[in-house]
2 protein chains.
Amino acid sequence: MNIGAAARRSGVPAKTIRYYESVGLIAPAERSATGYRVYGDRDVETLRFVQRARGLGFSVEDVGSLLALWQDRRRSSAEVKALARRRMADIDRKIEELGEMRATLGHLMERCHGDRRPDCPILSGLAGNPEQGR
Amino acid sequence: MNIGAAARRSGVPAKTIRYYESVGLIAPAERSATGYRVYGDRDVETLRFVQRARGLGFSVEDVGSLLALWQDRRRSSAEVKALARRRMADIDRKIEELGEMRATLGHLMERCHGDRRPDCPILSGLAGNPEQGR
DNA sequence: TAAAAGCTTCCAGCGACTGGAAGGTCAAGC
DNA sequence: GCTTGACCTTCCAGTCGCTGGAAGCTTTTA
């Protein structure tokens, strides 16, 4: 199958497949006599694996590690779990950051009329006047 | 004051101040006879405003709009609030995405022993075998 | 046979910086 | 007066993960 078919079956765009190959995340595909990349079912599975791992927010580099572990029969699950734990910590940190932004923005928005008047606690707050608009 | 002092007082790195100038977020600073950028207290306030808005996750482009609104006496608070609402929606969407990742990753991790055995539901899950490891 | 679809490589751009090189300027100490 | 070191300047390149587009093959379809 050509790259387009592999893209359709895996959900990874053809451009992205080429990109993954170029950065060494996946092995270079075999080529037809005329230079077209040729893929098999296993390649599609690999691409799906990559897609799911990326969907969980693992970096391309970490997906590389996960792929290597996946293909290694002698791996220990501890290594995989360690990677997952780090990713989980990242997620939690980001959720917390966003939560703080949400809270701050929410406080500012609450006091803003949102009408034609120029008075605006959001801008005052950004300008560093925390009590303005009460 | 030179760029270094402005950076210290505003919390925005000198490199970043130059970058903000280069992309038109802030007005070009005046220059000394020898070409050094010169800043006043008002510039520092502007930089702090930018810093706070960026801290809430507004894009540089949106910070530009907020700055313009801040400096416009005739602005309506409605415009500001609309920008804030969009940002809030972004935040909520991201929190939700991260929450879903968290849940999925959590399910996979729960079943993973994390020891020397190669058996690993995290990898099976990424490979698309949802019931593996139960 | 010709057009359309699909493939190839290569280069550029996104956002928001950040690092580094090469070189000019300024203040302090000797 | 000179040196040293901190500070400033510009410009280019790199980060991350793609994505768009140009120019030019190949394959399929009508």
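This structure is a prediction, so every number in the text was calculated from the model and none was measured.
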Solution key, residues 13-30 of chain B side-chain donor-acceptor pairs under 3.5 Å, sequence neighbours excluded:
residue, atom, partner, partner atom, Å
B:Glu21, OE1, B:Ala29, N, 3.3
B:Glu21, OE1, B:Arg37, NE, 3.0
B:Ser22, OG, B:Tyr19, O, 2.8

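Going from atom OH of A:Tyr19 over to atom C1' of D:dG17 covers 4 Å, rounded to whole Å. Protein atom CZ of B:Arg18 is 5 Å distant from nucleotide atom P of D:dT9, rounded to whole Å. Taking atom OH of residue A:Tyr36 and atom P of nucleotide D:dG24, one finds them 16 Å apart after rounding to whole Å. As a whole-Å value, the separation of A:Ile3 CD1 from D:dT19 C1' is 14 Å.
Using modelled atom types, one side-chain atom of B:Arg75 and one backbone atom of A:Pro118 make a donor-acceptor pair closer than 3.5 Å. With B:Arg87 contributing its side chain and B:Leu56 its backbone, the two residues share a donor-acceptor pair below 3.5 Å.
First and last contacting nucleotides of DNA chain C toward chain B (any atom under 4.0 angstrom from a heavy atom, 5' to 3' order): C:dA16 to C:dC26.
Look at A:Arg31 and you won't find any side-chain N or O under 4.0 angstrom from OP1 or OP2 of D:dT26.
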inquiry  = Set out, in order, the CA-CA distance, both residues' side-chain angles and the distance that settles salt bridge (Lys or Arg N to Asp or Glu O under 4.0 Å) for B:Asp115 and A:Lys81, then state yes or no.
reply    = CA-CA 9 Å; B:Asp115 56 18; A:Lys81 197 159 186 177; over 6 Å; no
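By the neighbour-count criterion of 12 heavy atoms within 6.0 Å, atom CZ of A:Arg31 is densely surrounded, having more than that number from other residues, nucleotides or ligands.
Looking at heavy-atom distances under 4.0 Å, A:Arg54 makes contact with sugar-phosphate atoms alone, never a base. Residue B:Arg37 is in sugar-phosphate contact alone, with no base atom involved, counting any heavy-atom pair closer than 4.0 Å across all strands shown.
Of the two residues contacting DNA chain C, namely B:Glu61 and A:Val38, the nearest-nucleotide position lying further toward the 5' end is that of A:Val38. Projected onto DNA chain D by closest heavy-atom contact, B:Lys15 and B:Ala5 fall at different nucleotides, the more 5' of which corresponds to B:Ala5. The nearest heavy atom of DNA chain D to A:Thr34 and to A:Ser59 marks one nucleotide each, and the one closer to the 5' end goes with A:Ser59.
Both B:Ile95 and A:Leu108 belong to a common hydrophobic cluster when Ile, Leu, Val, Met, Phe, Trp and Tyr are linked at side-chain heavy-atom distances under 4.5 angstrom.
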